[in-house]
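Following: one structure in structure tokens, then a few remarks.
Reckoned from all heavy atoms, side chains included, excluding hydrogens, waters and symmetry mates. Nothing here was measured: the structure is a model prediction, and the numbers come from that model.
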Amino acid sequence: MKIGITCYPVYGGSGVVATELGKALAARGHEIHFIAYSMPFRLEHILENITYHEVHVNAYPLFEYPPYTLNLTSKMVDVVRYEGLDLLHVHYAIPHATSAVLARQILANEGVRIPVVTTLHGTDVTIVGQDPSFLPVVSWSIDQSDGVTAVSEYLRRETIDSCDVHRDIEVVPNFIDTVRFRRQNKEHFKRALCPNGEKVMVHVSNFRPLKHTPEVVETFARLRAEGLAVKLLLVGDGPDRFVTEQRARELGVIDDIRFLGKQEPVEEILSIADVFMMPSASETFGLAALEAMACNVPTVTTDIGGLPELVVEGETGFMRPVSDIEGFTGAIRRILTEPDLQARMAAAARRRAEEVFDVSRVIPRYEAYYERVREEVLAR
Ligand code: GMT
């Protein structure tokens, strides 16, 4: 199939999933066309059957707010028309689904039928999508898509309940390349960071307020205060980086924390981790936790959103209520001080990543869904 994929190309879960999906589909012989405002950061280099089409935004003096949605729509029309695409798959409803539905309408005037599949990732429904200035457009764009997928059962229900959407939504979970994401021998790296054999706690996010990153530092400070020999690695960057760093200074633990910033490849850092912490207030799936699981790292997360569909409580990690610092501390203390439990959870986390979320198990579900949607559209 010839598939156009649109996503946010910057650091973030939906862009990662869209890019990895495109790469995996290309490896299975599909022709993939990425349509975005910059090269998706995980694309690295263009492969034989992957093409990248850049959307240019006009900076006309009249436009205080350049209408990116329209530039994207025109680019989609162009790529479908000249590359002969079979399907458009957009990730994140705002504004990608709106542009795709508009492009489909423009092309219909020329007798071209292009099915639109929208994948919902989270904040496009749970936070941004709930803003009254977006909600009617988000609901309409989801309803008008020919196919809609959500990355968890939680998000499927949430979309129906909060967006006034009346249609089928297929749940296709996120996935992981367990060949790339596996525990590697990084002993030299571990020795450099932990010269005295300290344990390693890792957090990876885009430091948005809903990630509750200061709570990672609070939890870490409690563990240090109990005398636990542990270091904290913080990966990523974003709006709460400053307050997180400030809290670490106030709590006197800054010297035991490394702020590593945006890092690729994250699997090398996860390879030296003993525990991964994700105290998010909202998470439709928790891709960063799955990346940790694939690298044999037990996770301590909140018990909200799609996380209970990913984490098996007491088996692959522990889940605690939002902002339950005492609960996070207790769970991490157990993992770091009970070697048998840590090893058992590490193995179970890897097994779950392989058995349920491996890329080879999930991509065929997208392929089958594309076929179904295309058949339905062409039969109309
Ligand atoms: O988590 C973020 O802030 C990024 C966001 C995105 O859309 O890029 O992530 C969402 O999509 C990811 C991929 O499907 C999910 O793993 C994340 O759980 C989800 N984030 C939230 O729901 C907050």
query: Do Asn296 side-chain atoms and Arg350 backbone N/O form a donor-acceptor pair below 3.5 Å?
result: no
- prompt: Could you state the interatomic distance from CZ (Phe175) to CZ (Phe285), rounded to the nearest 0.5 Å?
  reply: 9.5 Å
- request: Please report the closest heavy-atom contact between Gly122 and Leu155, naming both atoms and the distance.
  value: N-CD2, 3.8 Å
message: Looking at Arg320 and Glu313, is any side-chain nitrogen of the basic one under 4.0 Å from a carboxylate oxygen of the acidic one?
response: yes
- request: Considering non-hydrogen atoms only, spot the tightest contact between Val300 and Ile332 and give its length.
  value: CG2-CG1, 3.7 Å
query: How long is the span from the OH atom in Tyr8 to the OH atom in Tyr37, to the nearest 0.5 Å?
result: 7.0 Å
field: Donor-acceptor contact below 3.5 Å, side chain Asp237 vs main chain Gly261
entry: no
- request: Answer yes or no: does atom CD of Glu338 have more than 12 heavy-atom neighbours from other residues, nucleotides or ligands under 6.0 Å?
  value: yes
Heavy-atom closest pair, residues Phe34 and Pro40: CD2-CG, 4.1 Å
- request: Answer yes if Leu193 and Val275 sit in the same cluster of Ile, Leu, Val, Met, Phe, Trp and Tyr residues linked by side chain heavy atoms under 4.5 Å apart, and no otherwise.
  value: no
query: Roughly how far apart are Asp164 CG and Asp143 CG, rounded to 0.5 Å?
result: 8.0 Å
message: What I want to find out is whether Arg28 reaches Glu367 closely enough, with some N-O distance under 4.0 Å, to be called a salt bridge.
response: yes
message: Working to the nearest 0.5 angstrom, can you tell me the gap between Thr302 OG1 and Met277 CE?
response: 9.0 Å
message: Has Arg182 got a side-chain atom pairing as donor or acceptor with Cys295's backbone, closer than 3.5 angstrom?
response: no
message: I want to check something: taking the side chain as every heavy atom from C-beta on, are Leu25 and Met1 in contact at a cut-off of under 4.5 Å?
response: no
message: Show the nearest heavy-atom pair for residues His203 and Lys211, with the distance to one decimal.
response: CE1-O, 4.5 Å
field: Basic-acidic side-chain contact under 4.0 Å: Glu245, Arg241
entry: yes
task: For the pair Lys23 and Asp177, find out whether any cationic side-chain nitrogen is under 4.0 Å from an anionic carboxylate oxygen.
output: no
- request: Of all the heavy-atom pairs spanning Val57 and Pro66, show the shortest one and how long it is.
  value: CG1-CB, 3.3 Å
field: Heavy atoms of other groups near Asp168 CG, more than 12 under 6.0 Å
entry: no
- prompt: So, are Asp86 and Lys2 salt-bridged, with charged N and O less than 4.0 Å apart?
  reply: no
task: Look at Arg374 together with Glu371 and state whether they make a salt bridge at an N to O cut-off of under 4.0 Å.
output: no
field: Atom pair CG/CD1 of Leu260 and Ile257 - distance to nearest 0.5 Å
entry: 11.0 Å
task: Indicate yes or no: does Glu291 engage Arg42 in a salt bridge with an N to O separation below 4.0 Å.
output: yes
For Glu170, side-chain hydrogen bond (donor to acceptor under 3.5 Å, both in side chains) partners two or more places apart: Arg372
field: Value rounded to 0.5 Å, distance of CD1 in Ile3 from CG in Leu21
entry: 7.5 Å
query: Could Arg224 and Asp255 be called an ion pair, given the rule that one side-chain N must be under 4.0 Å from one carboxylate O?
result: no
- line: Note: Met293 and Leu310 closest approach over all heavy atoms is CE-O, 3.7 Å
query: Restricting to pairs with a member in residues 70-84, which pass salt bridge (Lys or Arg N to Asp or Glu O under 4.0 Å), not counting sequence neighbours?
result: Arg81-Glu110
- prompt: Could Arg247 and Glu250 be called an ion pair, given the rule that one side-chain N must be under 4.0 Å from one carboxylate O?
  reply: yes
- prompt: Does Arg113 come within less than 4.0 Å of Asp146, counting only side-chain N to carboxylate O?
  reply: no
message: I'd like to know if the side chain of Thr149 pairs up with that of Thr119 as donor and acceptor (distance under 3.5 Å, no hydrogens or angles considered).
response: yes
